[in-house]
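For the numbers below, each heavy atom of this structure counts, side chains included, while hydrogens, waters and symmetry mates do not. Below, chain A is the first sequence line, B the second, and so on; all start at residue 1.
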Amino acid sequence: MIWAKEETLPRKELEMIQLEKLKKTVAYIYERVAPYRGKMDRAGVKPEDIQTLSDLRRLPFTYKKDFRDNYPMGLFAVDKKELVRFHASSGTTGKPTVVGYTKNDLEMWLGNVARIACMGGASAQDIVQLSFGYGTFTGALGLHGGLEKIGAAVIPMSSGNTKKQIMFLKDMGVTLLVATPSYALHLGEEIRKSGLDPETDLSVRIGLFGGEGMTEAMREEMHRIWGKDFLCTQNYGLSELCGPGVAGECQELCGMHINEDWFIPEIIDPKTEEVLPPGERGELVVTCLGKEALPLVRYRTGDMTRLFYEPCKCGRTTVRMENLSGRADDMLVIRGVNVFPTQIEEVLLSIEEIGPHYEILVERKNRLDVMTITVELIDDRLLDSYSKLSELEQRIKAGLKSQLGLATQIRLVAPYSLQRFEGKAKRIKDLRKDGL
Amino acid sequence: MKQISVFVENRPGSLMEVTSRLTEAEVNIRAVASFDTPEFGILRMVVDDPQKAKQELTRLGFVVRIYEVMGVELQDEKGNLNHMLSILADGQINVNYIYSFVIREQKAPVMVFSTDDMEKAKEILTKAGVKIVTDEEL
């Protein structure tokens, strides 16, 4: 089922909608958001300069850094009394990235999520187990609202507690699972270990996955574990843009349809910042159309992908983005949580018993991401006893947990045992091949 | 008596790296003890020249610290270790860890232990007639 007629418009018509909304958005942000007005003034662009869609490239970019520089609400375009919701995601330096929504923004957001849910095969008949962590992250409440909008019944399960998850899946006759793909694999294996066969003993037939990329290898594994007829799709979003609902896979599985009447995507070369021709791989830049609380123009997502404009067999005409192929920056996605090495560095530098050098190792063990951080011990006073050393270990773990919201493994090594780098350090080893 | 403690990683060859450096520096190891956790360990040693050992190992990038520990001489007879430990227990002295000397050419065996209350341990052992060994006597 296709939720909105805007998903099937001829390109000409869609572009007319985009241009009209773009002009309004640019005038709106110029009038109401001082930091972006400053950028436009410095670039010598006025709202009235935007006359065609290709004028978009004359506008300055917005970066994640802009959120930090204007923390918490400096990029907001409305008065606080207009806001009805906040969300926040991990920032690059301690402070989270805070986003806000007006009543209309929520309506728009959840409408877009409803579209994505329909693309993935969801309907009013579905009973949904929502196994994203609730809280300030946009994933859980976004999918929650979107699925309710199409009439599905949602169990706000949250993440963790696998035993309870299995009990609900079985007892409630759950038909649709929302989770990160790696958690879905883990959960599926636990179900098999418990003696149940998801294919015959459960009713789960749809998976809507997000929070991290799903590779084709993971999708195959998903079918092996959850059953050959399991319909699994992934979707894409960023809290800065609204959360989930930006793009999603339809059942043709040929890329994620972007809700183009709300988001204009561009692909740029992250080095030269030039817009690349359709079909080329580069960094995804997104302009949000019609957002009230937090309008965003040319937001640098950092995600590398390609765009395909040919209409899809599913009937939708919206552009499709390929599965993400890495990052333009060094951001890691660990168990669905965005992690910047600078966040880790900040915690490590605040602990004086260890040196400034570190290494991050990311592996997938038992289907779940495990991040191990190796640091050099430099303080000889800790050699007194193991309890002092393990107290240090616990202190590092606790610091990282509160900064990242993630559990990490710590490995203490002797000084000078980590590799030193001249120039750009390669501190990250990501061993998650094909995500399995 | 002085002990040096060295931070070592739990991987093949890490203890040998320490001992080979000490051999090169012509430092003799008198007693050695190592305890491991899954990740790392502390190698504790009594050597004939703790300052030199620390200097050399630190220069080579090890984390090293010198600690004061208690060395006591035992008669090589049944029940003597138990006897010494019961003296400490009676005196409410907590032993953090204990290990013994490797070889001691014809001399009586020496046990090395660590406690947070060195003064009191010394006092009650001396009172009980247990011989405390100093670095000079090794």
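A 6.0 Å sphere centred on NZ of B:Lys131 holds more than 12 heavy atoms belonging to other residues, nucleotides or ligands. The local environment of CD in B:Glu26 is sparse, with at most 12 non-hydrogen atoms from other residues, nucleotides or ligands closer than 6.0 Å. Counting non-hydrogen atoms of neighbouring residues, nucleotides and ligands closer than 6.0 angstrom, the NZ atom of A:Lys170 reaches no more than 12 such neighbours. More than 12 non-hydrogen atoms from other residues, nucleotides or ligands lie less than 6.0 angstrom from NZ of B:Lys52. Within a 6.0 Å radius of CD in A:Glu391, more than 12 heavy atoms belonging to other residues, nucleotides or ligands are found.
At a 4.5 Å heavy-atom cutoff, A:Glu376 makes no contact with chain B through either its backbone or its side chain. Neither the backbone nor the side chain of B:Val8 comes within contact range of chain A, judged by heavy atoms closer than 4.5 Å. Contact annotation for B:Arg44: only side-chain heavy atoms (C-beta onward) come within less than 4.5 Å of a heavy atom of chain A. With a 4.5 angstrom heavy-atom cutoff, B:Tyr67 touches chain A only via side-chain atoms.
Of the candidates A:Leu383, A:Leu382, A:Ile378, A:Asp379, A:Leu383 is the only one forming a side-chain contact (heavy atoms from CB on, under 4.5 Å) with B:Val63.
A donor-acceptor distance shorter than 3.5 angstrom exists from the side chain of B:Glu9 to the backbone of A:Ala414, with no hydrogens or angles considered. Between the side chain of A:Tyr386 and the main chain of B:Ile42, a donor-acceptor pair closer than 3.5 Å is present.
Distance check, rounded to the nearest 0.5 Å: CD of B:Glu17 to OG of A:Ser417 gives 9.5 Å. With values rounded to the nearest 0.5 angstrom, A:Asp380 atom CG is found 7.5 Å from B:Thr58 atom OG1.
Listed by first then second residue, pairs satisfying salt bridge (Lys or Arg N to Asp or Glu O under 4.0 Å) with a partner in residues 112-126 of chain B number zero, not counting sequence neighbours.
Of all non-hydrogen atoms in A:Val413 and B:Phe7, the two that sit nearest each other are C-CE2, 3.3 Å.
Side-chain atoms of B:Leu60 and A:Tyr416, non-hydrogen and from C-beta on, never get closer than 4.5 Å to each other.
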